[in-house]
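Here is the structure we will look at, set down as structure tokens.
Letters A, B, ... mirror the listed sequences (proteins, then strands); counts begin at 1.
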Amino acid sequence: MLTPARDLVATAFADALARAAKERGWNGTEGADVDVEVPKSPAHGDYATSVAMRLAKTVRRPPREIADAIAAKVDTKPPIAKVEVAGGGFINVRLDDAWLREQVNAIIASGEDYGRSERLKGQKIQIEFVSANPTGPLTVANARGGPLGDALANVIAFAGAAVQREYYVEDSSTQVKRFGISVAVRYRQLFGEEIELPADGYQGDYVKEIAAQIKERHGARYRDLGLEEQGKAFAPMAIDWSIADAQRVTGKLGIRYDAWFKQSSFIENGYLDETIEVLRKRGVIAERDGVVFFETPEAAALRRDETEEGWVLLDKADDPPAKYLATDIAYHRLCFEKRGVGLKLNVWGANTQYHLQQMKIAMPILGIDPSRLEVVLYQYVHFIKEGVLTRIGRRTGQYLLLEDVLDAVGADVTRFFMLQRGADSPLEFDFELAVQQSNDNPVYYVQYAHARIASIFRTAGERGINADGADVQLLAAPAERELIRLVQKLPELLREIVEHRGVHLLTVYALELAGAFHGFYRDHRVVDDANVPLSKARLRLVRAVQVALRQTLRLIGVNAPDSM
RNA sequence: GCCCCCGUAGCUCAGUGGAUAGAGCGCAGGCCUCCGAAGCCUGAAGCAGCGGUUCGAGUCCGCUCGGGGGUACCA
């Protein structure tokens, strides 16, 4: 496994600081945060630290003096070529060119493992994403969680964690009851009965489809039941239909879940009731008029006004008793206590932020460290189709199906588009742009770079040039150095994503790397019969770019085509 | 009212508390006898406002204004 250059530099700085501190008798520098950043301006070298400025107060010396003292102690041997103090006390480092070029060979040698680490080794992390209500087909409203969760899972797994991809199926909710009733109404209509959907029913045509399937399979078998009974009978079939749809569509997106976990499973085996009992013992339950409330000072603090009574855990008046908040508390408890999940990372839509607060309050009461629950909240996607915003829920019957989008633009484009923005930012998905196979489409821009590299190797093969015995030290051009630095950045980026969950940075990086490559390509001939040694070296460089590009695309789940 | 997210170029958005804030689209102009022009190069243009913390703030804190979401029997 390659040690990222940044880590090597960080170690060098830390050592230098320790030696300088010892020599000068500085106190309080032991646990100092030796930050290493990449300066914006190339004039400031490859890496820099501002540790001298941070330490000025503790050490009670001017930053420049501290910086000079540390800089003098940094070993200027590969990978470090030059150390310089600049500005108000920055220590800048320039990497050794020969060492840097040699990295090209190291990167190619790590191949498929380039960027892999063991940072999260030994951790079991569950990533729950999409988890749409099983009351109909997946729509674009559910779409963002898929690429986000899957790419995050890829990156975290690549950092050594045991990852479990989880789809939580809430098959016992009030919505499911309404869904069953809606199917029953459509079923009755198929027999010519004059009956209208209830106001809270599901309007979508798929409900008719499900009813028709039931009629086809079971004929009039359910005709004589009452509407409620029919609803109960049809709900499981309707849920199966929804799960099958979700499996097919997420499959089209290239996502494979490890578990499709049903809410009903822990209701049936008594775990839910047991959890409620635990809450009761903890003294956070109050019961009034058949309604069971969850009451803690933290919950009370979030009340809207005095008239509100509290969070409803369950309501015995409903049939079956509706479980509401209780099911989710039990579900999370189950993951931590019974399923061995160390960290549960939920990728949820922005509308669940209140729900998140509830879980954060509930977990400690069950003796679970709330930091084991983390949520990536993503803002909504504004779907622009023919200039019109489409973001309408399923119940109304007007919606844009995720599958239709996938069929129209493909999984690659869908995934890339969904990952182009930070989860905190709303995302605009321009349908017309996504369909375009043109230079306006950033996915093709990146894929084109990869295809171009493949084409270079084809050309080289035709002319009988390969990279055997290449001398990478011939890669002396500034654009070549820049490319190597960019390729080298990937492992550092992956670490950042593991720490901050900003998985969208991979698309940003892919575009940056592709752009640098395109620029290099224009000005530097790779396959050149007149200069075979240089051609060999450049084939190596281009191969390293390909490794990084392919790796990046693989992690976000986008194909890296050899031609297009 | 309260809670969460956002406000950066004409538009859509990047930007782990560091030095001169970036990209794409759009606009203006240029580049294929030469490895893929789905490409490249040049140009104009920006941190909503006011305070605070800090050696240093687009980034952290507070308030104001503006936009999105939620507000607990949907989960």
Could you measure between the two [atom1] atoms, the one in [N] and the one in [M], and give it in whole Å?
{"N": "B:C11", "M": "B:A48", "atom1": "P", "value": "13 Å"}
{"N": "B:A21", "M": "B:A45", "atom1": "P", "value": "13 Å"}
{"N": "B:G43", "M": "B:C2", "atom1": "C1'", "value": "49 Å"}
{"N": "B:G51", "M": "B:C65", "atom1": "C1'", "value": "15 Å"}
{"N": "B:C13", "M": "B:C6", "atom1": "C1'", "value": "12 Å"}
{"N": "B:A9", "M": "B:A28", "atom1": "C1'", "value": "16 Å"}
{"N": "B:C40", "M": "B:G24", "atom1": "C1'", "value": "15 Å"}

Output yes when at least one side-chain N/O atom of [X] is less than 4.0 Å from OP1 or OP2 of [N], else no.
{"X": "A:S563", "N": "B:G36", "answer": "no"}
{"X": "A:H355", "N": "B:C3", "answer": "no"}
{"X": "A:R522", "N": "B:C35", "answer": "no"}
{"X": "A:K40", "N": "B:A19", "answer": "yes"}
{"X": "A:S535", "N": "B:C35", "answer": "no"}
{"X": "A:T459", "N": "B:G36", "answer": "yes"}
{"X": "A:Y445", "N": "B:C40", "answer": "yes"}

Round to the nearest Å and state the distance from [X] atom [atom1] to [N] atom [atom2].
{"X": "A:N351", "N": "B:C4", "atom1": "CG", "atom2": "C1'", "answer": "11 Å"}
{"X": "A:F520", "N": "B:G39", "atom1": "CZ", "atom2": "C1'", "answer": "14 Å"}
{"X": "A:F517", "N": "B:C35", "atom1": "CZ", "atom2": "P", "answer": "13 Å"}
{"X": "A:L513", "N": "B:G24", "atom1": "CG", "atom2": "P", "answer": "15 Å"}
{"X": "A:L511", "N": "B:A14", "atom1": "CG", "atom2": "P", "answer": "13 Å"}
{"X": "A:Y448", "N": "B:G39", "atom1": "OH", "atom2": "C1'", "answer": "5 Å"}
{"X": "A:K489", "N": "B:G15", "atom1": "NZ", "atom2": "P", "answer": "11 Å"}
{"X": "A:L419", "N": "B:A14", "atom1": "CG", "atom2": "P", "answer": "12 Å"}

Between [X] and [N], do the rings stack, that is, sit under 5.5 Å apart with planes less than 30° off each other?
{"X": "A:H44", "N": "B:A19", "result": "yes"}
{"X": "A:F90", "N": "B:A19", "result": "yes"}
{"X": "A:Y354", "N": "B:C4", "result": "no"}

Ring geometry between A:Y271 and A:F266 (parallel below 30°, tilted from 30 to 60°, perpendicular above 60°): perpendicular
Ring geometry between A:W348 and A:H332 (parallel below 30°, tilted from 30 to 60°, perpendicular above 60°): perpendicular
Lys/Arg N to Asp/Glu carboxylate O, A:E480 vs A:R538, below 4.0 Å: yes
A:E374/A:R501 ion pair, N-O < 4.0 Å: yes
A:F90 and A:M53, any side-chain heavy atoms less than 4.5 Å apart: yes
Glycosidic conformation of B:C60, taking syn as within 90° of 0 and anti otherwise: anti
Sugar-phosphate, base or nothing in reach of A:Q357, heavy atoms under 4.0 Å: sugar-phosphate
N/O donor-acceptor pair, side chain A:Q353 with base B:C3, under 3.5 angstrom: yes
Backbone N/O of A:I556 and side chain of A:R415: donor-acceptor pair under 3.5 Å: yes
Side-chain (A:T507) to main-chain (A:L419) donor-acceptor, under 3.5 angstrom: yes
Paired nucleotide for B:A9 [Watson-Crick or G-U wobble; both distances under 3.5 Å]: none
Residue A:R452, side-chain heavy atoms: nucleotide from B:G36, B:G68, B:A14 that is nearest: B:G36
